[in-house]
Amino acid sequence: MKKTLITGITGQDGSYLAEFLLEKGYEVHGIVRKETLENTEKLCNIDAVLDQLILHEGCLADRHSLYKIFSKVKPDECYHLAASSFVSYSFDDEFFIMNNNFNSTHYLLSTIVEVNSKCKFFFAGSSEMFGEPSVTPQTETTPFNPKSMYGISKVSSYYLIKNYREKEKLFACTGIMYNHESPRRGKHFVTKKIIASAVRIKKGLQNEIYLGNLDAKRDWGYAPSYVNAIWMMLQHDVPDDYIIATGKLHSVREFLEIVFTYLDLDFQKYVKHDSQFFRASELIPLCGNSAKAQEHLGWHNMTPFKEMVKNMIDVELDQYNKTR
């Protein structure tokens, strides 16, 4: 039986990956913070499989903590999904973001070298690594141009992984993952905010929703499909880096229209603009070309955009009805 260690196991991607690997027959271990173990709400994404998981209390900012867990588990595969995922452009949180996103990657890589160099390693990159790209769609050879500390931390980790792959001969991959959504998306992401607010408006509990630039566009995919892609990377014969994306752009306005129309509402009656949420449209948009993943891994994004959005709405409605 293969053993795997997942950071960020309670998050959107980590929880789907845990379920996916359990179905594949893996022994699944996860690293969680002490406060997470003490708060059942933070475990909600893995609640259905909690009794099948082996969770370890640890801190990504503490190398000794990670070393102890890794040495105990000795996993065959390690998926590093935990990160400070909010994209801050103010640099207010630059030290925390860099420490959490870059140092934790370094700690894990160095531990693999010392404890089990045969362990395969995956790192969750981001389209924010391209920041303001020179071309669209972006490929694996498009120059990085990050404009946030989040993006900088991801690019730094990318080059660190590349160095370990070449110098230490580790099987280590970076998946440059574009926006991907699901019913398990965090509340501070615009997709989740729109759907949760629309359901509350439908139920008469909310009268308006405040948003920024409705013309901003994103390459939105479906999280469970992306989880399949990252597993496929570690099953490939050769370690490499891949863009995981749909190659299609959709605006916030289009997302709104789908959500509110599905709920038989007119979004224009409820949406208010707030400058604090405004994010300018990119002159050259972040849109990924996943041809390499399609050719080398045989991966394809199988869930259409509208189907993904409607699934998110249905789950939100179901959760609302269960709590009432």
Side-chain angles (χ1 to χ4, degrees), residues 6-8 11 13-14 17 60-61 63 66 77-89 91 93-113 117 119-180 219 221 226-227 229-234 236 238-245 284 286-293 296-297 299:
I6 304 172
T7 72
D13 295 356
L17 179 62
L60 292 178
R63 183 181 186 276
L66 294 178
E77 298 172 1
C78 179
Y79 296 86
H80 186 27
L81 309 180
S84 301
S85 58
F86 184 72
V87 181
S88 172
Y89 286 83
F91 283 80
D93 305 315
E94 60 181 5
F95 296 108
F96 174 78
I97 291 172
M98 183 58 76
N99 186 49
N100 197 61
N101 294 358
F102 176 77
N103 288 357
S104 60
T105 306
H106 196 186
Y107 296 155
L108 285 168
L109 288 169
S110 63
T111 297
I112 289 173
V113 170
S117 63
C119 176
K120 295 183 177 182
F121 180 79
F122 171 84
F123 173 72
S126 167
S127 59
E128 291 293 329
M129 294 162 67
F130 294 112
E132 292 182 3
S134 55
V135 296
T136 194
Q138 296 82 48
T139 69
E140 289 81 2
T141 60
T142 301
F144 296 130
N145 188 26
K147 294 299 179 181
S148 66
M149 184 54 71
Y150 173 76
I152 292 169
S153 70
K154 292 290 188 178
V155 170
S156 301
S157 294
Y158 166 89
Y159 282 114
L160 181 69
I161 291 163
K162 187 173 184 291
N163 181 269
Y164 267 80
R165 186 167 64 218
E166 295 172 354
K167 181 182 176 183
E168 303 293 345
K169 308 304 178 185
L170 291 188
F171 194 112
C173 307
T174 295
I176 304 174
M177 303 168 73
Y178 282 61
N179 293 60
H180 46 291
D219 183 335
Y226 284 35
V227 161
I230 68 178
W231 175 77
M232 294 171 79
M233 288 182 208
L234 296 197
H236 196 52
V238 180
D240 208 344
D241 307 314
Y242 298 90
I243 281 179
I244 305 301
I284 301 178
L286 290 171
C287 182
N289 181 342
S290 61
K292 181 178 175 182
H296 292 200
L297 307 177
W299 176 81

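Small disclaimer: the values here were computed from a predicted structure and weren't measured.
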Asp240/Lys162 salt bridge by N-O under 4.0 Å criterion | no
Under a 4.5 Å cut-off applied to non-hydrogen side-chain atoms, are Asp219 and Asn179 in contact?
-> no
Closest contact, heavy atoms only, Ala82 versus Leu60 | CB-CD1, 3.3 Å
Does CD belonging to Glu168 count more than 12 external heavy atoms closer than 6.0 Å?
-> yes
With side chains defined as the heavy atoms from C-beta onward, is the minimum distance between Leu170 and Phe121 less than 4.5 Å?
-> no
Specify the closest pair of heavy atoms between Ser290 and Ala245, including all atoms of both residues, with the distance to one decimal.
-> OG-O, 3.3 Å
Do Met149 and Met98 pass the side chain to side chain contact (heavy atoms under 4.5 Å, CB included) test, and can you show the C-alpha distance, the side-chain angles, and the key distance before you say yes or no?
-> CA-CA 7 Å; Met149 184 54 71; Met98 183 58 76; 3.7 Å; yes
Using the side chain to side chain contact (heavy atoms under 4.5 Å, CB included) rule, take Thr174 and Tyr159 through it: C-alpha gap first, then chi angles, then the decisive distance, then the call.
-> CA-CA 10 Å; Thr174 295; Tyr159 282 114; over 6 Å; no
Tested for ring-ring contact (aromatic ring centres under 6.0 Å, His included) against Trp299, the lone hit among Tyr242, Trp231, Tyr226 is Tyr226
Could you verify whether a donor N or O on one side chain and an acceptor N or O on the other, from Ser104 and Arg63, lie under 3.5 Å apart?
-> no
How about Phe144 and Phe130: are their ring centroids closer than 6.0 Å?
-> yes
Flag the pair Ile152 / Lys147 as yes when at least one side-chain heavy-atom distance between them is below 4.5 Å, and no otherwise.
-> no
Which distance, rounded to the nearest 0.5 Å, do you find between the SG of Cys173 and the CD1 of Ile161?
-> 9.0 Å
